[in-house]
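Below is one structure, written out as structure tokens; comments come after it.
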Amino acid sequence: LTANTSTFYCSDYQKGVCMEFFFKHAVSLVRKAPIPGTLRGEHTLNDKPDENERIRFSGGQLFFEYLIVVSLKKKKKDSEEYEPQITYQFPKREQLIRSQKEEEETLLKAIPLFCFPDGNNWAPLTEYNSETFSFVLTNIDGSRRFGYCRRLLPHGSGARLPEVYCIISCLGCFAMFEKILDEVEKRRQKSTALIYPFMQGLREAQFPAPGKSVQVKSFIPEHGTEIIELTRPLDSRLEHVDFRPLLKHLSEEKIIKVFASALLERRIIFLAEELSILSQCIHAVAALLYPFTWQHTYIPVLPEVMIETVCSPTPFMVGVQKIFEERFQDLPMEEVLIIDLCNGKFTADMSDEGSIIPPKLQDEMLEMLKNWNKKSESLEEVNNIVTEAFICFFVRTVGHYTQYLKRNGTKMAQFQEKPFRKSLSSRSIRRCLKKFMTTQMFSVFVEEAEKRPVAQKGYFEQKVIEYREMKKKDKDKS
């Protein structure tokens, strides 16, 4: 979504701040979904494998850039409306050059809008169940920042307003940061003074490599010194993703239809009451596209002041809270798939979602998806089962792409599109592939593959090799 595809009317300070940030980063702020595979130190075909990123994701980097506390403050003394404001920032960065200072100021102005995307109509509460959600910001240079948020009600008596503790990090590891936010909340209920020594200890620790752990010491009155151990999974390809909420709120058949819509880069809106459900489900759908990457507008939790984004004629994947459903439905939208996660239904669709993927492939994907056990499967087991189903789809449809990258004595390969598509024996798969080949995510995939001096040897390519070996064994048996 770029500045010339939508018009926004900034009627107040908050909208102005959000739009200022949005347009300064118009090309890339929400263009790309997070790429789950990059945290292994392996790059997908649309990543640029520079040395800094290789070191960054293999471990050793700082856990986070900032801890931000966002509180609700009255706009005016007599007003009933509140606006989110940063009330604490750790650490405060000094001695920044002018460009760094401007970038930091713009970032810090925008963060409150993503911490309280649900508007200004708040009232003090006596009870509130804390929730965890996340957002993704992509800078102009392509680097990503993740915002991990815990919204909670401060400890005390009487009615009070919720506040958000937001950790800004360039590392995508939702499960680990959720555990860190658990520790933050535990300390917040005793005293805010206990949070910052813990975060300082975390900041001094190095982000562990896959399969490794790091220990952080922290003192809590009445408990003494505690040692918190944080471990990254050995296979960290999907450590920013949890497929269980998606499986809980949508049937396997509907998940495949949502995947099919994303595959053709359509406009997709997710509806839910809880911020945590929105962010987790959208991250999960984006991850289903591996080894491809969503290339368009991507806002897991859409702030109220950016609701007009749903009017964009270009593809998008956004999450909208249920309280804004009537408001955005009155806007002039193009054809769109609207997924209500509260009741597991589509409230708007294009009627062809069930016919995009060939029936035989759909049946195979459904059979694999239904292998997950709602009671006993761990996060890692569920993630493996789900991703296996969708990776198998891509193996069957595009796994042969390396055979059609032809080099004629130059470093740059040339992809042979027509022979690539026609090489498939199944007519229904060829029709599906023909549509997919017109998408931007396929174009980017191919362009990056053409630029590589040697063939990619990542997780996807391993699955392609396994599939070919299996087919060869079956052929030999017959």
Side-chain angles (χ1 to χ4, degrees), residues 33 241 243-272 277-278 280-296 298 310 313-320 325 329 333-372 374 382 385-399 421 424-442:
V241 180
F243 288 109
R244 292 173 301 183
L246 186 65
L247 289 163
K248 180 181 177 182
H249 290 86
L250 288 178
S251 67
E252 290 86 355
E253 290 83 359
K254 280 191 166 54
I255 290 173
I256 290 176
K257 288 180 179 180
V258 174
F259 167 76
S261 292
L263 191 71
L264 298 189
E265 296 183 334
R266 293 179 170 179
R267 290 171 288 275
I268 306 173
I269 299 173
F270 292 81
L271 287 173
I277 299 302
L278 276 179
Q280 287 177 320
C281 288
I282 294 186
H283 286 319
V285 170
L288 296 178
L289 296 170
Y290 175 84
F292 298 88
T293 304
W294 181 262
Q295 297 291 324
H296 301 276
Y298 177 82
V310 300
T314 59
F316 58 73
M317 195 186 297
V318 301
V320 178
E325 183 176 11
Q329 286 187 340
M333 293 187 292
E334 303 281 340
E335 283 188 313
V336 64
L337 174 65
I338 301 177
I339 304 142
D340 191 333
L341 295 168
C342 298
N343 55 36
K345 295 180 180 179
F346 297 163
T347 60
D349 59 30
M350 299 182 205
S351 303
D352 67 342
E353 288 84 359
S355 60
I356 294 170
I357 296 174
K360 187 177 178 181
L361 287 183
Q362 283 198 53
D363 291 343
E364 291 175 2
M365 294 164 75
L366 272 174
E367 186 179 351
M368 296 178 75
L369 279 179
K370 289 184 176 180
N371 283 334
W372 80 287
K374 297 179 182 180
V382 172
I385 290 169
V386 174
T387 55
E388 192 73 15
F390 292 92
I391 285 175
C392 283
F393 166 80
F394 285 120
V395 167
R396 295 281 300 276
T397 53
V398 301
R421 178 169 54 84
L424 294 171
S425 58
S426 168
R427 185 178 298 177
S428 60
I429 294 179
R430 287 202 305 270
R431 281 198 299 264
C432 176
L433 182 57
K434 186 177 181 179
K435 293 177 183 177
F436 179 53
M437 288 173 67
T438 64
T439 64
Q440 189 172 340
M441 73 175 88
F442 184 83

- Minimum heavy-atom distance between A272 and C342, given as atom pair plus value: CA-SG, 3.9 Å
- Message: Working to the nearest 0.5 angstrom, can you tell me the gap between I282 CD1 and I277 CD1?
- Response: 11.5 Å
- Note on the structure: dist I268:CD1 -> D349:CG (nearest 0.5 Å) comes out at 12.0 Å
- Could you tell me the separation between the CD1 atom of I339 and the NZ atom of K254, rounded to the nearest 0.5 Å? 10.5 Å
- Task: With sequence neighbours excluded, tell me which residues meet salt bridge (Lys or Arg N to Asp or Glu O under 4.0 Å) with E334.
- Result: none
- Message: Name the residue from L288, L289, V285 that meets the side-chain contact (heavy atoms from CB on, under 4.5 Å) definition with W294.
- Response: L289
- Query: Are F243 and F259 an aromatic pair by the rule of ring centers under 6.0 Å?
  - Reply: no
- Message: Determine whether a donor-acceptor pair (N or O, by modelled atom type, separation under 3.5 Å) exists between the side chain of Q362 and the backbone of G354.
- Response: yes
- Item | side chain to side chain contact (heavy atoms under 4.5 Å, CB included) assessment of L369 paired with I256 | CA-CA 10 Å; L369 279 179; I256 290 176; 4.0 Å; yes
- Task: Kindly indicate whether the side chain of M333, heavy atoms from C-beta on, has any atom under 4.5 Å from the side chain of I269.
- Result: yes
- What is the minimum heavy-atom distance between E253 and K370, and which atoms define it? OE2-NZ, 3.0 Å
- Please state whether the rings of F436 and F292 are parallel, tilted or perpendicular, taking 30° and 60° as the class boundaries. perpendicular
- Report the residue from M365, M368, E364 that forms a side-chain contact (heavy atoms from CB on, under 4.5 Å) with F393. M365
- Message: Quick check: do F390 and I255 have side-chain heavy atoms less than 4.5 Å from each other?
- Response: yes
- side chain to side chain contact (heavy atoms under 4.5 Å, CB included) between F442 and T438, worked out: CA-CA 7 Å; F442 184 83; T438 64; over 6 Å; no
- Tell me, with the steps shown, if L263 and T439 meet side chain to side chain contact (heavy atoms under 4.5 Å, CB included). CA-CA 8 Å; L263 191 71; T439 64; over 6 Å; no
- Task: Quick one: pull up CD in E252 and CG in L246 and give me the separation to the nearest 0.5 Å.
- Result: 10.0 Å
- Task: Work out which heavy atom in T397 is nearest to a heavy atom in L361; give both atom names and the distance.
- Result: CG2-CD1, 4.0 Å
- Query: Is a side-chain donor or acceptor of E353 paired with a backbone partner of S351 at a separation under 3.5 angstrom?
  - Reply: yes
- Note on the structure: side chain to side chain donor-acceptor pair (under 3.5 Å) pairs touching residues 255-270, sequence neighbours excluded, are E265-H296, R266-D352
- Query: CE of M350 to OG of S355: how many Å apart, nearest 0.5 Å?
  - Reply: 12.0 Å
- Where R421 and L433 come nearest, the two heavy atoms and their spacing: CA-CD2, 4.0 Å
- Query: Which pair of non-hydrogen atoms, one from V382 and one from R244, has the smallest distance, and what is that distance?
  - Reply: CG1-CG, 3.9 Å
- Exercise: identify the closest heavy-atom pair between F270 and L278: O-CD2, 3.4 Å
- What distance do R396 atom CZ and K360 atom NZ have between them, rounded to the nearest 0.5 Å? 6.0 Å
- V310 and V336: CA distance, side-chain angles, deciding distance, side chain to side chain contact (heavy atoms under 4.5 Å, CB included) verdict: CA-CA 9 Å; V310 300; V336 64; over 6 Å; no
